[in-house]
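A short worksheet on the structure shown next.
Here is how names work: the chains are called A, B, and so on, in the same order as the sequence lines, proteins then strands, and each is numbered from 1.
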Amino acid sequence: MPGKRVFITGMGIISAIGTGVEETLVSLRNNASGIGPIEIVDTLLKSKLIAGEIKVPNEKLAELTGVKKNAYYTRTSLLGIAALQEAMQMSKLDPSRQKTGFINATTVGGMSDMEKYYFDLVDPTTKSNENGLADCLDCADCTEKIADHFNIKDWIATISTACSSSANAILYGARLIKSGQLDVAVCGGTDALTRFTLNGFNSLKNIDASPCMPFDENRNGLNLGEAAAYVIMESEEQLQRSGNKPLAELSGYQNFNEAFHPTAPSPNGEGALTAMQETIQMAGLQPADISYINVHGTATLNNDLSEGIALKRLFGENVPLFSSTKPFTGHTLAAAGAVETVFSLLSLQEQIIYANLNFKSPMPELGLYPVTSLQTDKAVMHVLSNSFGFGGNNASLLFSKYV
Amino acid sequence: MDLAETTPAFYLVNMFNPVHITSARATCAQDTFSNNNLPENIKVFEQNILNYHEPDYRQYFTIMQLRRMTRIIKIGLVTAIEALKDAKLEQPQAIVTGTAKGSMTDTEKFLHDIVDFNEGTLNPTAFIQSTYNALNGLIALHHDANGYNSTYVHRGFSLENSLMDAIMLFEENRIENALIGCFEEMTAEHYELKKKMGYWKNESMKNIDLLNSSTEGTIAGEGTFFFTLNKAPENAIAKLSGLRMLYNADEALVKTTFNNFLAEHSLELNEVDAVFLSYNGNIQTRHFEDAISEQLSSNTNQLAFKHLCGEFDTAAGFALWAATKALQHQVLHPSLILKKGTSSSLKNVIIYNQYNGKEHAFYLLERI
Amino acid sequence: MDDFKKDLKLQIIEALNLQGMNPDDIDNTAPLFGEGLGLDSIDSLELMVLLERNYGIKIEDAREGRKVLESIDAMAAYIEANRKK
């Protein structure tokens, strides 16, 4: 629906580079990566792999969020509450005062906690004290725990489209606002690191045992990470009631499936191209208007080549400044779109562009150079954020400076 | 009833232009697949798990296509293929699915492999297929359907959000047609997991006796349902005119919401020809369905369906399929009828579904 | 060697779940990927699991794996030369 606008008035984040926006920004400014040895997840792979793990144990997260003890809050839920707490404080909204929805995203829900007790729980001969956890295996559990914690109930949904999940949550929330279903949409995603996903990506042989190198000729796979991030979005009418000053406007978005292969992107970058192109069109902008692209840039062989080709096809010789922030946080799967949304908002707010860490030499096929050091002297007006996933699910979001 | 007195003003939206259902397909414990209707003789299950009556997949796929498909993926793809075939739609412009659990078989296999092979070199296929949007991506691949694609994984709101997403795509003028569906499977391990939480009845219960049960818990089921939606009315077999989700409500709010839902669509109680109620034999939650049943007029046919398909997160799909079929053929299958109404035709059909007392949904369907 | 290749094909049919396919349906010289049998990148990962579990051959690099898995002949030769069990 043209004419209706959607504004972002709150954000919250927890990832390997910080608890809260402030710590996150310090890390981003200082090129301080959060990727390192695995300490909390119980996995044999910790001897081989590194990850963007949040070094805050569950007990500490429970304290931080003030949740009830022994009430089956999984790490996924705790991370979600920790991140959303900050966003809610920022926009100072009482969910019961207007139509407020919660659109969450996760890829493995409560697997982080379930996998520890799974075999006991499915064994008919054992009695486990953790039966209550059985309900936490699915994706909806964390959504409802988080929604209940903040008393959001007018609209509840969970999206799981692999690595584009929270980008899709954000665009679904925006559309619910535009269609008049909601005044306020609380959107984002949460994924805790699990033995399940670490082994899953390890079985795909696309994890780099060293810090990942997005868009580099010698990239050799991704690092996984864990995170939760949320944004609060308000309609224009709602903004007048709340009096909140927007952090930015969500000026464009697109979801596009390229139907190419179950896990690999098409070699010509078709899906990525269409998602970016139509997102820019929706905002009524030209490719030349884009100040910065926070690329998906997982550092897998396939993704970066395909995404790079799409960039060249769309922008020609004038590819905007771009970087992948995955070397800071690791690939946080369902949370990635929301994490990078927060980074995009901070880029607009602080007028900075982040370094693509670990980059040395460009892919010979493309000769594309990402930003390799923090930029503080560029005008940032429109930031494009890409999230591409398994199953050909591609989503792009466009954030514009509020003027 | 004065709406303004009973509910905040902001509840009075959620309206949309009706969308047209052009096909509906079901695969579940009953043989609904072969004739796309409920069979004359309903299958009776002696145990508390109502497993799929599985279609024959071989005629649909080559060996190469079948190689990575586990049970729910095959069932899902076949059901989607038939729905698209019925609607003569080759490439839907949007594919949106809902599932609470995805391919449990694959999730469980990978959990076991991690332990069995000591986190060594593992088969990637189970991990890939355990992702909730795997089926959605495969349908797109199978039909070479580029476009909008999403998967909702929220228990009793999975199908409902999928439908709302498509409805908005129509309103946004982004699409002319869409494939929507939901799918769920029940495995032995998942049954055990939920058994320990008290989801199921302790005693063995025949599905056909479920509605008379006076004990706690329910029986497990599984089902996959696909629908094609069209913006234009051509070839429609029913219309979806209303959809409302209600989270975490008590029975009073369920009742109020039901009445508001009718009022928003300018319907009087006696104009409702049939209501599908989500009775699942659990005495702990039946007060929700009772709250609606009690106020229905004698015109209204009161229907139940979970004794046929069992309980699962997206069981509302069965009711949506059965309601569509009833409107299309103007017949109510005898096995659905809980309490016969005097209404002689079927124009307005409502579905009320609650899952585990937490997610409540109302649908309004109309005859073409 | 021919018996070994037949055995290998049976293992491949099982590992990739090629239900209803016979060893004779797979040509020893034809490419396993793309044209030919039509396998893809996920299958190549599955075949690497097979090499490790059945023959103790560990291939970490996906690109190297693709060369080893070019055809039945190539696979059989590589296994003969490198097998640890």
Side-chain angles (χ1 to χ4, degrees), chain A residues 1 43-45 98-99 106-107 115 118-119 121-124 128 131-132 134-135 137-140 143-144 147-148 153-162 168 172 175-176 178-181 183 195-196 199-200 202-204 255-263 271 274 389-393, chain B residues 10-11 13-14 16 68 95 100-102 107-108 110-111 113-115 118-119 121-124 127-128 130-134 136-138 140-141 143-155 157-158 161 164-165 168 171-172 189-190 192-197 245 247-248 313 358-359:
Chain A
M1 269 163 219
T43 172
L44 298 170
L45 294 177
Q98 64 284 310
K99 282 179 300 168
T106 183
T107 60
E115 64 187 8
Y118 184 78
F119 294 96
L121 288 170
V122 297
D123 183 346
S128 169
N131 283 350
D135 251 354
L137 179 61
D138 69 5
C139 294
T143 306
E144 297 197 349
D148 293 351
K153 40 176 141 183
D154 297 326
W155 200 292
I156 309 284
T158 314
I159 293 181
S160 197
T161 55
N168 277 324
Y172 186 55
R175 292 167 55 224
L176 286 166
K178 288 190 182 207
S179 77
Q181 307 287 350
D183 302 312
R195 190 167 66 167
F196 188 88
N199 276 284
N202 196 44
S203 79
L204 293 169
N255 159 312
F256 183 81
N257 183 286
E258 65 179 6
F260 174 73
H261 181 267
T263 56
T274 310
F390 275 10
N393 266 296
Chain B
F10 62 73
Y11 274 97
V13 282
N14 223 321
F16 52 84
R68 285 200 283 263
I95 304 173
K101 307 287 187 269
T107 304
E108 290 169 4
F110 201 68
L111 275 165
D113 281 359
I114 289 172
V115 174
N118 241 339
E119 299 194 50
T121 307
L122 305 180
N123 302 97
F127 175 67
I128 294 165
S130 77
T131 47
Y132 294 82
N133 64 326
N136 212 341
L138 274 181
L141 261 177
H143 291 272
D144 199 14
N146 292 324
Y148 189 91
N149 195 302
S150 202
T151 300
Y152 292 87
V153 290
H154 200 103
R155 296 181 182 163
F157 286 161
S158 307
N161 272 296
M164 276 310 305
D165 192 340
M168 289 198 294
E171 304 256 302
E172 293 159 10
E189 283 188 4
H190 200 65
E192 187 58 38
L193 207 71
K194 291 205 136 178
K195 187 179 177 185
K196 287 191 174 175
M197 290 201 68
M245 284 172 268
Y247 176 64
N248 224 358
D313 298 63
K358 212 154 183 197
E359 297 102 28

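Using a 4.5 Å heavy-atom cutoff, the side chains of B:Phe127 and A:Leu204 are in contact. The shortest side-chain heavy-atom distance between B:Phe157 and A:Thr158 does not fall under the 4.5 Å cut-off. In this structure, A:Ser179 and B:Phe16 have side chains that are not in contact, with every pair of non-hydrogen atoms separated by 4.5 Å or more. Between A:Ile156 and B:His154 the shortest side-chain heavy-atom distance falls below 4.5 Å. You'll find the side chain of B:Glu119 stays beyond 4.5 Å of the side chain of A:Asn202, heavy atoms only.
Of the listed residues (A:Ala134, A:Gly132, A:Ser160), the one with the most heavy-atom contacts under 4.5 Å to chain B is A:Ser160. Counting heavy-atom pairs under 4.5 Å between each of A:Tyr118, A:Tyr172, A:Phe260, A:Phe256 and chain B puts A:Tyr172 at the top. Per-residue heavy-atom pair counts under 4.5 Å with chain B were compared for A:Gly200, A:Gly271, A:Gly389, and the maximum is reached by A:Gly200. Taking B:Ala140, B:Gly137, B:Gly147 one by one and counting their heavy-atom pairs under 4.5 Å with chain A, the maximum is reached by B:Gly147. Note: A:Asn255 leads A:Thr161, A:Thr263, A:Asn255 in heavy-atom pairs under 4.5 Å with chain B. Here B:Ser150 is the residue among B:Gly102, B:Ala100, B:Ser150 with the most heavy-atom pairs under 4.5 Å with chain A. In terms of heavy-atom pairs under 4.5 angstrom with chain A, the leader among B:His143, B:Arg68, B:Glu108 is B:Glu108. For the set A:Thr274, A:Leu176, A:Thr106, the count of heavy-atom pairs under 4.5 angstrom toward chain B peaks at A:Leu176.
Contact annotation for B:Asp113: neither backbone nor side-chain heavy atoms come within less than 4.5 Å of a heavy atom of chain A. Both the backbone and the side chain of A:Thr43 come within contact range of chain B, each with at least one heavy atom under 4.5 Å from a heavy atom of that chain. Proximity to chain A involves both the backbone and the side chain of B:Thr151, based on heavy atoms less than 4.5 angstrom apart. Using a 4.5 Å cut-off between heavy atoms, B:Thr107 contacts chain A through both its backbone and its side chain. For B:Ile114, the part lying near chain A is the side chain, with the backbone staying farther off; criterion is any non-hydrogen pair under 4.5 Å. Heavy-atom distances place the side chain of A:Phe119, and not its backbone, under 4.5 Å from chain B. For a residue to count as touching a neighbouring chain, one of its non-hydrogen atoms must lie under 4.5 Å from one of that chain's; by this rule B:Ala145 touches chain A with the backbone only. Interface remark: A:Thr107 contributes backbone atoms only to the contact with chain B (heavy atom separation under 4.5 Å). Residue contact with chain B, scored on non-hydrogen atoms closer than 4.5 Å, involves the side chain of A:Asn393 exclusively.
Closest of all the heavy-atom pairs between A:Glu258 and B:Asn146 is O-OD1, 2.9 Å. For B:Asn133 against A:Ala162, the heavy-atom pair with the smallest separation is OD1-N, 3.9 Å. Residues B:Leu141 and A:Pro262 come closest through the heavy atom pair CD1-CD, 3.6 Å. Among all heavy-atom pairs drawn from A:Leu137 and B:Tyr132, the shortest one is O-OH, 4.3 Å. Residues A:Val122 and B:Glu189 approach most closely at CG1-O, 3.6 Å, considering heavy atoms.
For the side chain to side chain contact (heavy atoms under 4.5 Å, CB included) test, residues two or more places apart in sequence or in another chain that qualify with B:Lys194 are A:Asp135, B:Lys101, B:His190, B:Tyr199, B:Trp200, B:Asp313, B:Tyr355. A search for side chain to side chain contact (heavy atoms under 4.5 Å, CB included) contacts involving B:Lys358 returns A:Glu144, A:Asp148, B:Tyr247, B:Asn248, not counting sequence neighbours.
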**Report entry** side-chain contact (heavy atoms from CB on, under 4.5 Å) between A:Thr143 and B:Arg155, worked out
**Finding:** CA-CA 11 Å; A:Thr143 306; B:Arg155 296 181 182 163; over 6 Å; no
Requested in this report: Evaluate side-chain contact (heavy atoms from CB on, under 4.5 Å) for A:Asn257 paired with B:Tyr148, printing each intermediate quantity in order.
Outcome: CA-CA 6 Å; A:Asn257 183 286; B:Tyr148 189 91; over 6 Å; no
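For the atom pair A:Lys178 NZ and B:Glu171 CD, the distance stands at 14.5 Å (nearest 0.5 Å).
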